[in-house]
Amino acid sequence: TFKTTDDKYRAVINKFEDISKKYKRLDIGSIALLYAADAHYNLKEYDKSIELYSKLLTGEVKDTNLHGNINAYKLNPGILRDSAIYGIAHSYEQKGEIKKGIDSLLFLTSTKDTHLKEMGLSALGRLYEKTNDKAKALETYQKIISDYPESPNLHMIKEKVEKLKG
């Protein structure tokens with residue numbers, strides 16, 4: 001039993017980090033590292049979450065430059081890579097570093113093999129709104145409408161477009 005939710009996160013972080021070290025060459029090790037990064041995010045430890053998401057992408061802890069050499073990424077394209085990039089973007093957003101969050105989402109939404117493009121575009125539009133760049137927010141939301149006409153979020157996105165136009 002745990003007294004707080006934070007206590008639960010702290011307990012699972014250690015377990016996930018142990019699993020990621022023990023199975024570092026297997027998918028389960030990468031998944032455990034992603035969960036550890038997510039737990040740090042939920043604890044509002046954004047620098048640590050960025051560190052672990054970066055480690056997941058590159059195999060080492062270093063400054064994450066998503067416009068750098070993509071060949072430096074040791075993690076193959078797929079949901080784990082995309083989840084790490086998405087997590088980095090949200091961590092930067094929470095730290096108030098909106099430009100870095102935008103850069104991360106631009107990278108995520110520009111790759112042809114992304115698995116989280118619609119979610120990335122939605123987050124990108126939200127960050128553009130935060131920077132008062134209504135034109136880019138509107139363009140981003142309209143891309144969702146055109147590229148994802150069956151989206152369950154379409155009604156909400158259309159409302160955002162109307163609000164931005166008004």
Side-chain angles (χ1 to χ4, degrees), residues 4-6 8-10 12-13 16 30-31 33-58 61-70 72-73 75 77-166:
T4 68
T5 302
D6 285 4
K8 290 179 189 179
Y9 282 123
R10 297 230 179 273
V12 298
I13 285 171
F16 285 136
S30 295
I31 292 167
L33 191 57
L34 179 70
Y35 284 151
D38 288 346
H40 281 290
Y41 176 89
N42 287 318
L43 287 168
K44 297 179 175 42
E45 297 172 349
Y46 305 118
D47 289 328
K48 186 66 176 178
S49 67
I50 291 168
E51 177 185 312
L52 294 184
Y53 290 130
S54 173
K55 186 176 180 181
L56 179 61
L57 291 171
T58 63
V61 176
K62 64 181 194 178
D63 186 27
T64 306
N65 178 0
L66 294 174
H67 290 296
N69 182 2
I70 191 167
Y73 289 175
L75 189 61
I79 192 69
L80 285 175
R81 181 201 69 179
D82 295 350
S83 295
I85 296 168
Y86 193 75
I88 287 169
H90 281 283
S91 296
Y92 279 130
E93 178 184 5
Q94 293 304 314
K95 287 180 60 167
E97 296 180 32
I98 304 301
K99 174 71 172 110
K100 287 183 178 182
I102 288 172
D103 288 346
S104 299
L105 291 168
L106 284 171
F107 176 82
L108 178 66
T109 58
S110 68
T111 59
K112 64 180 178 177
D113 53 7
T114 186
H115 291 65
L116 300 176
K117 190 167 189 171
E118 181 186 352
M119 286 175 52
L121 287 169
S122 182
L124 183 59
R126 186 184 68 249
L127 292 186
Y128 281 139
E129 283 188 82
K130 280 188 171 185
T131 62
N132 292 318
D133 192 338
K134 291 181 181 183
K136 284 187 179 177
L138 187 59
E139 177 185 333
T140 303
Y141 291 140
Q142 287 175 326
K143 182 161 182 57
I144 296 171
I145 292 169
S146 65
D147 291 359
Y148 301 96
E150 302 298 319
S151 171
N153 301 315
L154 202 57
H155 180 71
M156 177 188 70
I157 298 299
K158 286 181 177 180
E159 285 179 358
K160 287 180 179 268
V161 167
E162 290 304 314
K163 180 181 168 194
L164 288 167
K165 285 183 175 179

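No experiment lies behind these values; they were computed from the predicted model shown. We're numbering straight along the sequence, starting at 1.
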*Any chance you could lay out the side-chain contact (heavy atoms from CB on, under 4.5 Å) test for Leu43 and Ile13, step after step, and finish with the verdict?*
CA-CA 10 Å; Leu43 287 168; Ile13 285 171; 3.5 Å; yes
*asked:* Using side-chain contact (heavy atoms from CB on, under 4.5 Å), reason through Thr140 and Thr109 one step at a time and then give a plain yes or no.
replied: CA-CA 10 Å; Thr140 303; Thr109 58; over 6 Å; no
Identify the two heavy atoms, one from [X] and one from [Y], that lie closest to each other, and give their separation to 0.1 Å.
X: Leu116; Y: Ile79; result: CD2-CD1, 3.7 Å
X: Ala39; Y: Tyr9; result: CB-CD2, 3.8 Å
X: Leu154; Y: Pro149; result: CD2-O, 3.1 Å
X: Ile157; Y: Tyr141; result: CG2-O, 3.5 Å
X: Ala84; Y: Leu56; result: CB-CD2, 3.8 Å
X: Leu138; Y: Leu164; result: N-CD1, 3.8 Å

*Charged N to carboxylate O below 4.0 Å: is that the case for Asp6 and Arg10?*
no
*Indicate yes or no: does Lys48 engage Glu51 in a salt bridge with an N to O separation below 4.0 Å.*
yes
Calculate, to the nearest 0.5 Å, the distance between atoms [atom1] and [atom2] belonging to [X] and [Y] respectively.
X: Leu124; Y: Glu129; atom1: CG; atom2: CD; result: 11.0 Å
X: Tyr128; Y: Leu105; atom1: OH; atom2: CG; result: 9.0 Å
X: Lys143; Y: Ser122; atom1: NZ; atom2: OG; result: 14.0 Å

*Report the C-alpha distance between His155 and Glu159 in whole Å, list the side-chain angles of each, state the deciding distance to 0.1 Å, and finish with yes or no for side chain to side chain donor-acceptor pair (under 3.5 Å).*
CA-CA 6 Å; His155 180 71; Glu159 285 179 358; 2.7 Å; yes
*Taking Ser49 for its side chain and Tyr46 for its backbone only, find out whether a donor-acceptor pair lies under 3.5 Å.*
yes
*So, Ser104 side chain and Lys100 main chain: donor-acceptor pair closer than 3.5 Å or not?*
yes
*Should Thr131 and Ile102 count as side-chain neighbours, where that means a heavy-atom distance under 4.5 Å?*
yes
*Taking the side chain as every heavy atom from C-beta outward, state whether Leu127 and Lys130 have any pair of such atoms under 4.5 Å apart.*
yes
*Mark yes when over 12 heavy atoms from residues, nucleotides or ligands other than Tyr148 sit less than 6.0 Å from its OH; otherwise mark no.*
yes
*Would one find more than 12 heavy atoms of other residues, nucleotides or ligands at under 6.0 Å from atom NZ of Lys136?*
no
*Ile50 and Tyr41: side-chain contact (heavy atoms from CB on, under 4.5 Å), yes or no, with the steps?*
CA-CA 8 Å; Ile50 291 168; Tyr41 176 89; over 6 Å; no
*Any idea how Tyr35 and Phe16 line up, ring-wise: parallel (<30°), tilted (30 to 60°), or perpendicular (>60°)?*
tilted
*Would you mind telling me which of Leu80, Leu108, Asp82 makes a side-chain contact (heavy atoms from CB on, under 4.5 Å) with His115?*
Asp82
*Do Asn153 and Met119 pass the side-chain contact (heavy atoms from CB on, under 4.5 Å) test, and can you show the C-alpha distance, the side-chain angles, and the key distance before you say yes or no?*
CA-CA 10 Å; Asn153 301 315; Met119 286 175 52; over 6 Å; no
